[in-house]
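For the numbers below, each heavy atom of this structure counts, side chains included, while hydrogens, waters and symmetry mates do not.
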Amino acid sequence: HATSLEEHVFPDIVNNVTQSVIDDPSEHWNTFYKNHHTGDVYRPRRYLVQEFLQWFERIDAVGGTVLECGCGHGCSVQPLFDHFPNIKFHLTDYSTNALQLLKQNVISSSSSHSDINSRCVIESKHCHRIIGYDTWDITVPFHHIPTVDTDYKIIQASEVPDTEVSSTDESVSLSVSSEGGLKVSGIICTFVLSAVLAESHVIALSHMRDLLQEGGVVMFRDYGLYDMTMMRHQIRVSDHCYQRSHGPDSGTLVHYFDLDYLRSVVQEAGFTVIELEYATVCNVNRKSMKQEPTKASASMKRVFVHGVFMR
């Protein structure tokens, strides 16, 4: 029944998608983080340590800075602090609610964690390594707005000289070019580009490239074509883009990437592709399997795309 399978995976494109999903997706992400303020939805992404080990080690060796776009509650950076003690982090997200929740997850290392219902607690001993929090829509150029926050050390642009700073200089943790723009050693982009419409993929990647030093890399992971979650969506916005219609992130967009397409937009944005491959994972819900051994839903077949793109 190839036809019925094709119709299930690629339903007709819907033309009457709520316009706010297209015009102001941040509204839906703000609602998502408002409804899931405990941070229980996402677990710490410990696999990033091994997936991008050589790149993090290279940045750590020179005390470089990593910017994350789409930091959410902090589930990507939380596992990195202990493994890479010299890296500084600049955290950005589309959602202002996400950034507020992230700051709340930075707690005193001496206080009890029992009263904080979050999997992504960041101990305050690491807070000096978070050099900035910014709201950023990756489809527009990054614009850092310095803030004064007595609880978090934020390096002001005015504190950095008007020349490129060596990444080994321990007094600052980001370098500023002669034009005054932020330049970092690496960018974490996990499950972020998929939330952007296809016509904005190249421009979003170009904005990331603008933030990188020469030789800097984007460490990328996102949804791959035919991932299990793709089979569930019935609101198809474009070829491989869907609107989530159920679950905690209902109303948000998700694009499923194939390697050829992703390679083409990455190269068009000016990157050199260093790594690009599918990462397939079979997650087994052991509790469900134990209760109902024959239940198919106990096994979740995931398809992701892994990539490293260098400026």
Side-chain angles (χ1 to χ4, degrees), residues 45-72 74-81 83-93 129-132 134 136 138-139 141-142 144 164-169 172-177 181-196 201-224 257 259-279 304-311:
R45 293 171 177 158
R46 296 185 179 89
Y47 59 82
L48 295 180
V49 174
Q50 292 303 318
E51 290 287 333
F52 301 108
L53 181 61
Q54 65 169 311
W55 304 104
F56 283 127
E57 286 182 336
R58 191 179 82 165
I59 297 169
D60 187 67
V62 297
T65 300
V66 170
L67 180 142
E68 183 181 8
C69 47
C71 61
C75 59
S76 291
V77 296
Q78 190 248 23
L80 303 178
F81 282 106
H83 287 87
F84 309 107
N86 300 313
I87 294 179
K88 311 299 188 298
F89 295 93
H90 195 117
L91 306 179
T92 73
D93 200 279
R129 293 166 56 197
I130 303 176
I131 62 169
D134 278 291
W136 183 31
I138 60 174
T139 64
F142 178 83
H144 174 53
E164 181 151 327
V165 180
S166 167
S167 58
T168 58
D169 185 349
V172 294
S173 50
L174 56 88
S175 67
V176 175
S177 69
L182 177 68
K183 293 292 182 180
V184 299
S185 303
I187 293 176
I188 300 171
C189 182
T190 54
F191 306 101
V192 175
L193 197 63
S194 57
V196 174
H201 285 164
V202 172
I203 191 66
L205 287 163
S206 298
H207 293 151
M208 294 181 207
R209 185 181 182 277
D210 290 342
L211 293 175
L212 286 171
Q213 301 168 352
E214 291 295 327
V217 294
V218 170
M219 293 165 278
F220 181 92
R221 191 177 179 97
D222 220 319
Y223 299 102
F257 293 97
L259 299 188
D260 290 339
Y261 169 79
L262 186 57
R263 182 181 289 107
S264 69
V265 295
V266 167
Q267 291 176 337
E268 187 176 345
F271 285 100
T272 298
V273 177
I274 305 299
E275 300 174 14
L276 184 60
E277 61 186 355
Y278 288 115
F304 304 112
V305 173
H306 164 97
V308 176
F309 316 133
M310 181 178 288
R311 172 169 178 168

Taking all non-hydrogen atoms of both residues into account, name the closest pair between C189 and V218 and its distance. CB-CG1, 4.0 Å
Minimum heavy-atom separation for V273 to Q267, with atom names? CG2-CG, 4.0 Å
Hey, does the side chain of R129 reach the backbone of F89 with a donor-acceptor pair shorter than 3.5 angstrom? no
Ignoring hydrogens and angles, tell me if any N or O in the side chain of D134 forms a donor-acceptor pair with the backbone of T92 under 3.5 Å. no
With side-chain contact (heavy atoms from CB on, under 4.5 Å) as the criterion, how do L211 and M208 come out once you've worked through the C-alpha distance, each side chain's angles and the decisive distance to 0.1 Å? CA-CA 5 Å; L211 293 175; M208 294 181 207; 5.7 Å; no
Donor-acceptor under 3.5 Å (R311 side chain, R209 main chain): yes
Within a strict 4.5 Å, meaning less than it, do heavy atoms of the L276 and F220 side chains meet? no
Classify the ring geometry between F304 and F191 as parallel (under 30°), tilted (30 to 60°) or perpendicular (over 60°). perpendicular
Would you check if V184 and L212 make a side-chain contact, meaning some heavy-atom pair closer than 4.5 Å? yes
With rounding to the nearest 0.5 Å, note down the distance linking CD1 in I203 to CD in E268. 10.0 Å
As a quick check of understanding, evaluate side-chain contact (heavy atoms from CB on, under 4.5 Å) for F142 and H207, giving each step before the final call. CA-CA 7 Å; F142 178 83; H207 293 151; over 6 Å; no
Return the minimal non-hydrogen interatomic distance between C71 and D93, and the atom names on each side. N-OD2, 3.1 Å
Can you name the nearest heavy-atom pair linking L205 to A269, along with the distance? CB-CB, 3.6 Å
Would you please test L193 and L262 for side-chain contact (heavy atoms from CB on, under 4.5 Å) and show each step? CA-CA 10 Å; L193 197 63; L262 186 57; 4.3 Å; yes
side-chain contact (heavy atoms from CB on, under 4.5 Å) between H90 and W136: does it pass, once the steps are laid out? CA-CA 11 Å; H90 195 117; W136 183 31; over 6 Å; no
Please give me the minimum heavy-atom distance between S76 and R45, naming the atom from each residue. OG-NH1, 3.0 Å
About how many Å separate CG of L259 and OG of S264, when rounded to the nearest 0.5 Å? 11.0 Å
Using a 3.5 Å distance criterion without hydrogens, assess whether the side chain of D60 forms a donor-acceptor pair with backbone atoms of N86. yes
D222 side chain to V305 backbone, donor-acceptor under 3.5 Å: no
To the nearest 0.5 angstrom, please state how far the NZ atom of K88 sits from the CD1 atom of I131. 8.5 Å
Mutual orientation of the aromatic rings belonging to H201 and F257 [parallel < 30°, tilted 30-60°, perpendicular > 60°]: tilted
Show the nearest heavy-atom pair for residues C69 and I138, with the distance to one decimal. CB-CG2, 3.9 Å
I need the Q213 CD to I59 CD1 distance, nearest 0.5 Å. 9.0 Å
From R46 atom CZ to E51 atom CD, the distance as rounded to the nearest 0.5 Å: 15.0 Å
Can you name the ring-ring contact (aromatic ring centres under 6.0 Å, His included) partners of H306, sequence neighbours left out? F52
Drop me the distance from L80's CG to H83's NE2, to the nearest 0.5 angstrom. 8.5 Å
Hey, are R221 and T190 close enough side-chain-wise for a donor-acceptor pair under 3.5 Å? no
